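Data first, discussion second: the structure below is written as structure tokens.
Remember, it's 1-based here, ligands and their atoms both numbered in the order they're listed. Computed from a prediction, not measured in an experiment: that's the story for all the values here.
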Amino acid sequence: MFIFDSGVGGLSVLNNIKKILPNTSYIYMLDNQFFPYGNKGEIFIIKRSIKIIKKIKKIYPIKIIIIACNTISTISLNILKKKFNIPIIGVLPSIKPAIHAKQNKFIGLIATPATINSKYVQKILFQHSNYNINVIATNKLAKIAEKKIRKNYINDADLRRIFYPWIYFYQKIDTIILGCTHFSILKKEIEKILKKKIKFIHPENALCFHIKKYSKMIIKDQKIKKNIFFYSEKNYQLIKLMDALKKYKFKHIKYINLN
Ligand code: DGL
């Protein structure tokens, strides 16, 4: 199984997959060279994801790909599915399930600017414009999640700046669609800053459904025997990540040249 994200958000997806398939081996790609993707254009994101998948596919006999990133999935999932002849599962913001959950009346959607501006999200928001979903597009929250996982200091003021529309103008929001895999890492911090209990709607729920669908095939057809972690840039922040990676039992943590 190949799991891919610009950063550590995909690890929260991996946690969920491990619950369903505890004995599966995986290759994780962290494209830290170009993190964040959320401020990049469509063409860049499409080309980059094709490049990464091609490269990994050349080296390893991957049978299934998990795009553990809403930014990539909203923009390029359909293109990637057409281009590669193996199952590809993406994570997409769960806007419709949030609307259909009866008890939720005040819904907020938070995601990267690239995700919010994607045709996929814009179309769903337009189709459901009578529900008044309040949207925050931010590049900063994924960066804060990267800090948290490295045990770096998180400044409440930075969080308050991101969430100010929901702190000052839309205080009724009680349901938040997490449209970025990084944000699951920050649920406690979000509740603290909004000073209330929040119902979080995760994209992982739909993903788990698809994983279950393919689980037999994944278990039966395991060609990759060791967990491997790839990164695209060596830097100091990467060293700080090593502690958090321990629990994923990566046999190899190595650099991959994607230039
Ligand atoms: N984890 C990615 C997502 O789900 C976004 C982070 C980024 O901006 O690269 O959208």
Side-chain angles (χ1 to χ4, degrees), residues 2-17 28-49 51-53 65-80 88-95 98 108-122 124-125 135-150 154 158-159 162 176-187 189-190 200-208 210 229-233 235 237-238 241 244-245 248 258:
F2 175 48
I3 303 171
F4 156 38
D5 186 22
S6 56
V8 298
L11 294 174
S12 55
V13 176
L14 180 55
N15 289 338
N16 284 295
I17 297 174
Y28 189 97
M29 174 76 222
L30 173 108
D31 192 12
N32 57 339
Q33 185 183 2
F34 284 104
F35 174 84
Y37 278 11
N39 60 2
K40 309 284 187 297
E42 284 194 4
I43 303 289
F44 172 85
I45 291 166
I46 294 166
K47 281 193 173 164
R48 185 75 179 168
S49 35
K51 191 176 201 173
I52 288 173
I53 294 172
I65 299 168
I66 317 293
I67 307 288
C69 172
N70 292 259
T71 307
I72 307 170
S73 302
T74 47
I75 290 169
S76 51
L77 190 60
N78 286 337
I79 298 168
L80 298 176
I88 302 184
I89 306 173
V91 283
L92 296 159
S94 301
I95 303 172
L109 163 66
I110 184 156
T112 67
T115 297
I116 298 295
N117 293 328
S118 67
K119 288 182 200 80
Y120 175 87
V121 168
Q122 285 301 318
I124 298 181
L125 289 178
V135 175
I136 293 180
T138 174
N139 263 313
K140 302 208 172 79
L141 200 57
K143 290 183 187 163
I144 295 176
E146 294 276 339
K147 274 190 181 174
K148 181 177 174 184
I149 208 158
R150 289 169 173 84
I154 296 177
D158 291 337
L159 285 167
I162 295 169
I176 297 180
I177 305 162
L178 297 175
C180 170
T181 52
H182 277 75
F183 300 169
S184 314
I185 298 167
L186 293 168
K187 285 191 291 191
E189 287 75 6
I190 297 172
F200 290 104
I201 311 281
H202 302 262
E204 284 94 335
N205 296 355
L207 173 106
C208 289
H210 290 291
F229 183 91
F230 282 116
Y231 54 87
S232 52
E233 184 175 271
N235 58 35
Q237 286 307 325
L238 186 86
L241 188 62
L245 293 184
Y248 298 96
L258 292 164

(message) Is the shortest side-chain heavy-atom distance between Y120 and P93 below 4.5 Å?
(response) yes
(message) Run the salt bridge (charged side-chain N to carboxylate O under 4.0 Å, His left out) test against E233 and tell me which residues pass, sequence neighbours left out.
(response) none
(message) Could you work out, with side chain to side chain donor-acceptor pair (under 3.5 Å) as the rule, every residue matching N117, not counting sequence neighbours?
(response) none
(request) Over all heavy atoms of both residues, which pair between I95 and V121 is shortest? Give the atoms and the distance, please. (result) CD1-CG1, 4.1 Å
(request) Determine the interplanar angle of the Y231 and F229 rings, folded into 0 to 90°, and report it as parallel if under 30°, tilted if 30 to 60°, perpendicular if over 60°. (result) tilted
(request) Could you tell me which residues satisfy side chain to side chain donor-acceptor pair (under 3.5 Å) with T71, sequence neighbours excluded, listed by chain and number? (result) T112, T115
Pick out the protein N or O atoms lying less than 3.5 Å from any N or O of ligand 1, and list each pair with its distance.
residue	atom	partner	partner atom	Å
ligand 1	1 (N)	D5	OD1	3.1
ligand 1	1 (N)	D5	OD2	3.3
ligand 1	1 (N)	T181	OG1	2.9
ligand 1	1 (N)	H182	ND1	2.8
ligand 1	4 (O)	N70	N	2.8
ligand 1	4 (O)	N70	ND2	3.2
ligand 1	4 (O)	T181	N	2.8
ligand 1	4 (O)	T181	OG1	3.2
ligand 1	8 (O)	Y37	N	3.3
ligand 1	8 (O)	G38	N	2.8
ligand 1	9 (O)	S6	OG	2.5
ligand 1	9 (O)	Y37	N	2.6
ligand 1	10 (O)	N70	N	3.4
ligand 1	10 (O)	T71	N	3.0
ligand 1	10 (O)	T71	OG1	2.6

